[in-house]
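Excluded from the calculations below are hydrogen atoms, water molecules and symmetry mates; all remaining heavy atoms, backbone and side chain alike, are included.
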Amino acid sequence: MEKLIITAAICGAEVTKEQNPAVPYTVDEMVREAVSAAEAGAAILHIHVRHDDGTPTQDRERFREVMDAIRTVLPDIIMIPSTGGAVGMTPEERLQATELYPEMATLDCGTCNFGDEIFENSMPTMRAFGKRMLENHIKPEYECFEMGHVDTIVKMAAKGEVPGAPMQFNFVLGVPGCTPFTPGNLAWLVNAIPAGSTWTGTGVGKAAFPMAEAAISMGGHVRVGFEDNIYLEKGVKARSNGELVAKVVQLAKEHGREIASPAEARRILGLA
Ligand code: KMH
Ligand code: ZN
């Protein structure tokens, strides 16, 4: 099996300091969490940004400030800024990080429930996001929250509406209202992607580590971080993203999988 790529989703758009005081908002806090995740073994950071008061934003200049500050201390790390933002943001607002020409960015593969809200990704929105990523030579990470999202994006790639092979999928399972994590659901998704694709498993909430273990044993990659889960174990809040990454490193060790460096992750993902 390939080495394991660990992505740390260090901040998200929804989780708050009230839920876990280690959730980063400021630039300095983002750098602190990025370093903790990288030192523990993360090769990729999935980036959302906040104003200093914690309000989610997709402001291009805030992304620039945060990503530049992280780049100064972690020159090799792969950064995947979000084009999902927070529920209710406009497509134009969400697309701003693509103006910075990151090597990758997320592309959300369909509309779905998101708790009590609706995360809207219409076909025209996805076409616009695909067009921008083709123009700016950005490799998408295809975020799939529902079974049907895979079929939708594979068909769009076949039509040339979004970047094609090799495709990188992230199966985000366990969002309230969307497909839950079960080993069977994950296996169904993995079987649905084109040969030669890579994939990452993200389990939300209590699914975080069961998903990590399943992905490690099935040859996928893993995302953890405060965006998805704030607990190290039942009732114990993680003090940093690094603690969550370290737990995945330990699981990988138990399954005999080595951890990929950023350079190795670039090769595995076809970026290098
Ligand atoms: N915050 C969620 C509504 C992404 O980053 O592309 C969407 C999200 C997906 O986090
Ligand atoms: Zn995200």
Side-chain angles (χ1 to χ4, degrees), residues 6-16 18-20 23 44-50 54 56 58 80-91 93-94 105-123 125-126 129 140-154 168-190 192-193 199-215 218 220-232 234 237-238 241 244-245 247-248:
I6 303 176
T7 299
I10 59 176
C11 159
E14 289 85 16
V15 65
T16 65
E18 284 68 41
Q19 293 165 302
N20 185 326
V23 171
I44 300 180
L45 301 171
H46 169 52
I47 306 281
H48 284 256
V49 290
R50 310 286 188 98
Q58 288 289 106
I80 305 185
S82 174
T83 67
V87 169
M89 289 177 170
T90 65
E93 216 175 344
R94 286 167 48 186
T106 59
L107 198 160
D108 296 283
C109 299
T111 296
C112 52
N113 287 317
F114 213 90
D116 286 357
E117 300 180 283
I118 296 173
F119 183 33
E120 212 175 312
N121 294 286
S122 67
M123 294 300 290
T125 294
M126 291 191 283
F129 283 32
E141 178 170 75
Y142 291 112
E143 311 285 311
C144 299
F145 299 86
E146 294 278 27
M147 307 295 228
H149 290 182
V150 176
D151 188 55
T152 302
I153 208 70
V154 169
Q168 157 64 10
F169 294 85
N170 180 17
F171 305 128
V172 184
L173 302 186
V175 170
C178 296
T179 302
F181 167 75
T182 67
N185 286 347
L186 181 61
W188 188 96
L189 288 159
V190 172
I193 61 178
W199 64 273
T200 296
T202 300
V204 174
K206 64 179 179 0
F209 295 109
M211 168 64 100
E213 205 154 7
M218 290 166 66
H221 304 283
V222 173
R223 182 176 105 176
V224 286
F226 288 151
E227 175 165 346
D228 310 311
N229 163 51
I230 55 171
Y231 290 98
L232 202 50
K234 196 166 190 269
K237 289 185 182 175
N241 279 277
L244 298 169
V245 172
K247 185 160 171 174
V248 176

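- Q58 CD to T90 OG1: the interatomic distance, rounded to the nearest 0.5 Å, is 9.5 Å.
- Using cut-offs of 30° and 60° on the angle between ring planes, the pair F114 and F145 is perpendicular.
- For the pair P210 and K206, the tightest heavy-atom approach, listed with the atom from each and the gap, is CD-O, 3.4 Å.
- No more than 12 heavy atoms of other residues, nucleotides or ligands sit less than 6.0 Å from atom CD of E120.
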- request: Determine, stepwise, if the pair I118 / V87 fulfils side-chain contact (heavy atoms from CB on, under 4.5 Å).
  value: CA-CA 7 Å; I118 296 173; V87 169; 5.9 Å; no
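- In terms of heavy-atom proximity, M89 sits nearest to G85 at SD-CA, 3.9 Å.
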task: Would you sort out whether T200 and E141 count as a side-chain contact (heavy atoms from CB on, under 4.5 Å), showing the intermediate values?
output: CA-CA 9 Å; T200 296; E141 178 170 75; 4.2 Å; yes
Full working for side-chain contact (heavy atoms from CB on, under 4.5 Å) between V23 and T16: CA-CA 6 Å; V23 171; T16 65; over 6 Å; no
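- Taken from CG in N185 to CG in L189, the straight-line distance is 7.0 Å, to the nearest 0.5 Å.
- No donor-acceptor pair under 3.5 Å is formed between the side chain of R223 and the backbone N or O of F171.
- In this structure a side-chain-to-backbone donor-acceptor pair under 3.5 Å is present from N241 to I10.
- Partner R94 forms a side chain to side chain donor-acceptor pair (under 3.5 Å) with one of T83, N121, T125 and no other, that one being N121.
- Each of L173, V204, T182, D228 was scored for a side-chain contact (heavy atoms from CB on, under 4.5 Å) with M211, with one residue passing: L173.
- For the pair A207 and F181, the tightest heavy-atom approach, listed with the atom from each and the gap, is CB-CB, 3.7 Å.
- Under a 3.5 Å cut-off, the side chain of K237 and the backbone N or O of Q19 do form a donor-acceptor pair.
- N229 and A208 make their closest contact through ND2-CB, 3.6 Å (heavy atoms, listed as atom of the first residue, atom of the second, distance).
- Annotation: side chain of H46 is in contact with side chain of S82 (closest heavy-atom distance under 4.5 Å).
- Closest approach of A13 to H48, counting heavy atoms only: CB-ND1, 3.7 Å.
- Atoms CG and CZ, on L244 and F209 in that order, are 5.0 Å from each other to the nearest 0.5 Å.
- H149 pairs by the ring-ring contact (aromatic ring centres under 6.0 Å, His included) definition with nothing, not counting sequence neighbours.
- When atom types are taken as modelled, the side chain of T7 and the backbone of L45 share no donor-acceptor pair closer than 3.5 angstrom.
- Once rounded to the nearest 0.5 Å, the distance linking CZ of F119 with OG1 of T111 reads 8.5 Å.
- Interatomic distance, CG of L232 versus CD1 of I230, reported as 11.5 Å (0.5 Å rounding).
- Distance check, rounded to the nearest 0.5 Å: CD of E143 to CD of Q168 gives 8.5 Å.
- For the side-chain hydrogen bond (donor to acceptor under 3.5 Å, both in side chains) condition, the pairs that include at least one residue of residues 172-181, sequence neighbours left out, are E146-T179.
- Under the 30°/60° scheme for interplanar angles, the aromatic rings of F169 and Y142 are found to be tilted.
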Working for side-chain contact (heavy atoms from CB on, under 4.5 Å), residues C144 and V150: CA-CA 6 Å; C144 299; V150 176; 3.8 Å; yes
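- Considering every non-hydrogen atom in both I80 and T106, the closest pair reads CG2-N, 3.7 Å.
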